[in-house]
Amino acid sequence: MYRETVQSEKLYSRVARRYDEVFERAMLSEARLTQLARQTMDDRRVLDLACGNGRWLDRFSPESYVGLDLNARMLDEARRRHPRATFLRGDMTALPFPDASFDGVMSMFGAMGHLPPDGQRRMVDEIHRVLAPDGMAILTNGNMWSPFNLPTTLLGNRVRLEGVRFRVFSSNPSRLALLVDRFRVLRLESYDYSYIPILPLKFLSCLLGHDYRSGYERLMEILGFCRYIPRLRWFGKQLVAVCQKA
Ligand SMILES: C[S@@+](CC[C@H](N)C(=O)[O-])C[C@H]1O[C@@H](n2cnc3c(N)ncnc32)[C@H](O)[C@@H]1O
């Protein structure tokens with residue numbers, strides 16, 4: 001097991017119960033990712049790799065679904081949220097499934113960033129193996145080209161969150177494209193502009209009696225149009241690659 005995996009276990013055991021609260025801002029910035037998940041994964045047999053608390057199952061309609069994660073507490077939350085779905089404990093670099101078991105594999109919210117480069121390569125090889133021919137994959141990771149990730153990059157990708165120090169292995173568009181070179185890459189985009197603080201909006205919403213979440217989501221959707229502006233194309237904090245098994 002990688003040292004980074006041990007760090008990630010510590011982090012997610014600590015935040016499992018409060019996960020949606022801790023990462024609220026980023027989650028309100030996922031309209032585009034949700035749209036891609038629906039377009040790509042609806043009606044497929046899907047593996048949600050590093051599924052966390054299973055929250056993606058609220059957002060799309062797979063024909064069948066298996067969530068896999070290493071963290072037992074995150075899986076407890078997932079089972080509580082979706083008692084009838086299948087959640088398994090396992091490592092995303094060594095998947096406990098036969099070849100060609102799924103039509104879709106998704107790995108959301110930069111889970112691969114918890115693995116060093118050789119771990120990411122093993123993970124992608126495993127995704128390729130368990131996908132059926134023409135199967136689809138959605139992979140996400142932090143975006144080093146986003147100016148908003150510059151402080152993390154300058155600190156050697158070391159992060160401290162909820163009192164836990166850990167290292168993340170973000171990508172840039174060329175690196176991610178190289179990582180998935182066994183696939184046909186259908187889309188490579190940046191998303192997530194949640195560097196904008198949410199507190200002022202919470203305050204305003206309190207005064208005006210509006211729901212701050214829908215306001216923030218709308219703001220994030222507007223910023224999402226940066227992906228059509230060449231100079232701002234890679235401003236989003238995260239990258240997403242939509243790929244097909246060639
Ligand atoms: C940022 S969270 C993403 C969770 C979920 N995909 C989401 O969108 O909210 C990262 C998840 O990766 C899981 N994880 C980290 N290393 C892992 C590994 N080697 N195998 C399986 N899961 C792992 C963690 O337990 C955590 O639930």
Side-chain angles (χ1 to χ4, degrees), residues 1-38 40-41 46-60 62 65-82 85-97 104-127 130 137-143 149 152 157 159 161-162 164 166-171 191-192 194 237-241:
M1 189 180 281
Y2 297 103
R3 188 159 58 94
E4 292 76 15
T5 306
V6 177
Q7 295 169 332
S8 127
E9 276 291 273
K10 198 169 165 194
L11 171 69
Y12 293 106
S13 296
R14 194 168 287 186
V15 302
R17 310 257 349 216
R18 293 175 295 116
Y19 183 82
D20 288 0
E21 197 186 306
V22 171
F23 296 106
E24 180 183 36
R25 258 170 34 182
M27 284 179 195
L28 293 175
S29 189
E30 291 176 331
R32 173 64 180 157
L33 190 59
T34 306
Q35 186 188 29
L36 289 173
R38 288 186 181 139
T40 314
M41 296 291 162
V46 173
L47 169 64
D48 184 358
L49 205 49
C51 63
N53 65 9
R55 68 189 180 93
W56 278 91
L57 201 44
D58 302 337
R59 300 191 184 186
F60 73 115
Y65 172 94
V66 177
L68 179 135
D69 200 280
L70 194 60
N71 190 276
R73 294 210 184 137
M74 291 299 278
L75 288 169
D76 287 345
E77 294 301 313
R79 290 184 185 114
R80 198 157 52 189
R81 197 167 182 146
H82 296 286
T86 306
F87 293 102
L88 303 174
R89 187 154 189 232
D91 189 325
M92 58 186 163
T93 61
L95 299 179
F97 308 108
V105 177
M106 53 196 257
S107 176
M108 308 304 241
F109 205 177
M112 72 158 68
H114 289 299
L115 295 170
D118 68 311
Q120 292 183 2
R121 170 58 64 191
R122 284 168 64 178
M123 171 191 172
V124 171
D125 285 348
E126 280 293 81
I127 292 174
V130 301
I138 300 185
L139 295 172
T140 58
N141 199 1
N143 176 18
N149 282 335
T152 311
N157 291 321
V159 182
L161 186 65
E162 299 285 311
V164 181
F166 59 99
R167 193 156 172 217
V168 285
F169 293 88
S170 299
S171 298
Y191 72 99
D192 187 349
S194 61
K237 286 165 71 176
Q238 303 253 352
L239 294 171
V240 53

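Reckoned from all heavy atoms, side chains included, excluding hydrogens, waters and symmetry mates. If you read the sequence from its start, that first residue is 1, and numbering goes on from there. Everything numeric in this text was worked out from a predicted model, so none of it was measured. Every number for a ligand or one of its atoms is a count from 1 in the order of the listing.
Protein residues having a heavy atom under 4.0 Å from any atom of ligand 1 are Thr5, Ser8, Tyr12, Tyr19, Ala50, Cys51, Gly52, Arg55, Trp56, Asp69, Leu70, Asn71, Met74, Gly90, Asp91, Met92, Met108, Phe109, Ala111, His114, listed by chain and number.
Considering Asn141, Thr93, Leu139 in turn, Asn141 is the only one that fulfils the side chain to side chain contact (heavy atoms under 4.5 Å, CB included) rule with Gln120.
Under the side-chain contact (heavy atoms from CB on, under 4.5 Å) criterion, Arg25 pairs with Ser194, Pro197, Ile198, Tyr216, not counting sequence neighbours. Checked against side-chain contact (heavy atoms from CB on, under 4.5 Å), Thr152 has the following partners two or more places apart in sequence or in another chain: Asn157, Val159, Val168. Residues meeting the side-chain contact (heavy atoms from CB on, under 4.5 Å) test with Arg121, sequence neighbours left out: Asp125, Leu179, Asp181.
Under the 4.5 Å side-chain criterion, counting only non-hydrogen atoms from C-beta, Glu126 is not in contact with Leu49.
In this structure, Tyr12 and Tyr19 have tilted ring planes: the angle between them lies in the 30° to 60° band.
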